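To keep things clear, I will list the structure first and then write my remarks on it.
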Amino acid sequence: MNKNKNSKIALASISALALALGTATGAAVAAPGNNSGFYLSGDLGQSRNNLSSPTSPAVNIDKRGTVYGISGGYQFNPHFATELSVQRLGTHGIGSSEAKTTAYSLDAIGRLPVNDKFSVYGRLGASHLDRKFSGIQAQDSHRVGFKLGLGAEYALDKNWSLRTELTRYNKAPVVSTYGEHMNTWTAGVKYSF
């Protein structure tokens, strides 16, 4: 039931991104993105947590969740930025229990412009991960872990960009067989001031 909902959300996200890219590409004037200054971004995507069943035969496991978040950063030059973000990493479940995870992150971003519109980037940071449990005898908890990411960005004009990213969060709080590693895929929009 939850997987079907997440699949629909992911499909809607991809469709919206494709529509926005197609519309904006036709209307945008060829202008490079800003090389320095503040920016804001929002994104939507999907997460996957390394869960396992505590019993045999296995109980129902929901490893996927919906990700959404906002971030703000400062681009120092075409190659380096720092970023603060808040990401809701989704709800994951084992049987009748659930865990909801939120990440508060500070990241350094290394960016490699391929041309005046397209660039790839890598992310290295630290995340404070809060996890709230329901349906099991566990207290809500938090931990700090590393965050690694790899992404691509396409400038629509001097202010607006589209970006997509694969990210790995380490050291989420562990209870029972809820795993400590999470992988996410997101697509989003960035506005540079």
Side-chain angles (χ1 to χ4, degrees), residues 2-3 5-7 9-14 17 39-54 60-75 80-95 97-112 119-136 138-153 161-190:
N2 198 10
K3 288 180 185 177
K5 180 182 172 188
N6 289 339
S7 297
I9 290 172
L11 181 60
S13 301
I14 293 168
L17 182 62
Y39 64 87
L40 291 174
S41 68
D43 53 14
L44 180 67
Q46 191 172 66
S47 65
R48 183 174 172 89
N49 188 210
N50 60 329
L51 306 178
S52 60
S53 177
N60 184 33
I61 297 175
D62 190 5
K63 294 183 177 186
R64 298 182 190 275
T66 301
V67 177
Y68 56 91
I70 58 170
S71 59
Y74 188 81
Q75 187 77 40
F80 181 73
T82 58
E83 190 173 289
L84 288 169
S85 64
V86 177
Q87 296 270 168
R88 178 68 187 272
L89 299 180
T91 302
H92 304 92
I94 301 174
S97 67
E98 288 185 340
K100 296 179 182 179
T101 310
T102 304
Y104 304 92
S105 305
L106 173 61
D107 304 321
I109 298 173
R111 187 170 171 248
L112 178 63
S119 61
V120 292
Y121 62 89
R123 172 188 305 274
L124 175 62
S127 291
H128 177 93
L129 296 158
D130 282 332
R131 206 171 224 184
K132 298 184 185 307
F133 296 95
S134 62
I136 56 175
Q139 291 187 356
D140 299 344
S141 56
H142 56 88
R143 286 170 82 183
V144 175
F146 286 104
K147 176 182 173 184
L148 300 167
L150 187 61
E153 186 175 313
S161 300
L162 299 176
R163 66 183 188 173
T164 186
E165 183 175 332
L166 293 170
T167 309
R168 170 123 173 156
Y169 293 84
N170 292 310
K171 299 288 185 185
V174 177
V175 170
S176 180
T177 55
Y178 282 92
E180 68 176 0
H181 306 296
M182 287 189 176
N183 297 319
T184 65
W185 168 82
T186 57
V189 177
K190 174 180 160 185

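Keep in mind that what you see is a predicted model, and the values were worked out from it rather than measured.
In this structure, CG on Asp43 lies 12.5 Å from NZ on Lys190, to the nearest 0.5 angstrom. The distance from atom CG of Leu148 to atom OH of Tyr169, rounded to the nearest 0.5 Å, is 11.0 Å. Taken to the nearest 0.5 Å, the CZ atom of Arg131 stands 9.0 Å off from the CG atom of Leu89. Here the CD-OG distance, from Glu153 to Ser41, works out to 9.0 Å after rounding to the nearest 0.5 Å. Considering CZ of Arg111 and CZ of Phe80, their distance stands at 13.0 Å, rounded to 0.5 Å. Note: Arg143 CZ to Asp130 CG = 13.0 Å, rounded to the nearest 0.5 Å.
In terms of heavy atoms, Val67 sits closest to Gln46 at CG2-C, 3.6 Å. Across every non-hydrogen atom of Asp107 and Gly125, the tightest pair is OD1-CA, 3.2 Å. Taking all atoms of both residues into account, the shortest heavy-atom contact from Leu129 to Ala103 is CD2-CB, 3.4 Å. Tyr74 and Tyr39 get closest at one heavy-atom pair: N-CE2, 3.7 Å.
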Item to complete: Check the pair Ser105, Ser127 against side chain to side chain donor-acceptor pair (under 3.5 Å), reporting the backbone distance first and the verdict last.
Response: CA-CA 4 Å; Ser105 305; Ser127 291; 2.5 Å; yes
Item to complete: Go through the steps for Glu165 and Thr167 under the test side chain to side chain donor-acceptor pair (under 3.5 Å), then give the verdict.
Response: CA-CA 6 Å; Glu165 183 175 332; Thr167 309; 2.9 Å; yes
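In terms of modelled atom types and a separation under 3.5 Å, the side chain of Thr164 and the main chain of Thr186 share a donor-acceptor contact.
Between Val86 and Thr102 the shortest side-chain heavy-atom distance falls below 4.5 Å.
Under the salt bridge (charged side-chain N to carboxylate O under 4.0 Å, His left out) criterion, the residue pairs touching residues 83-92 are Glu83-Arg123, Glu83-Arg163, with sequence neighbours excluded.
Atom CZ of Phe146 sits in a sparse spot, with 12 or fewer heavy atoms from other residues, nucleotides or ligands closer than 6.0 Å.
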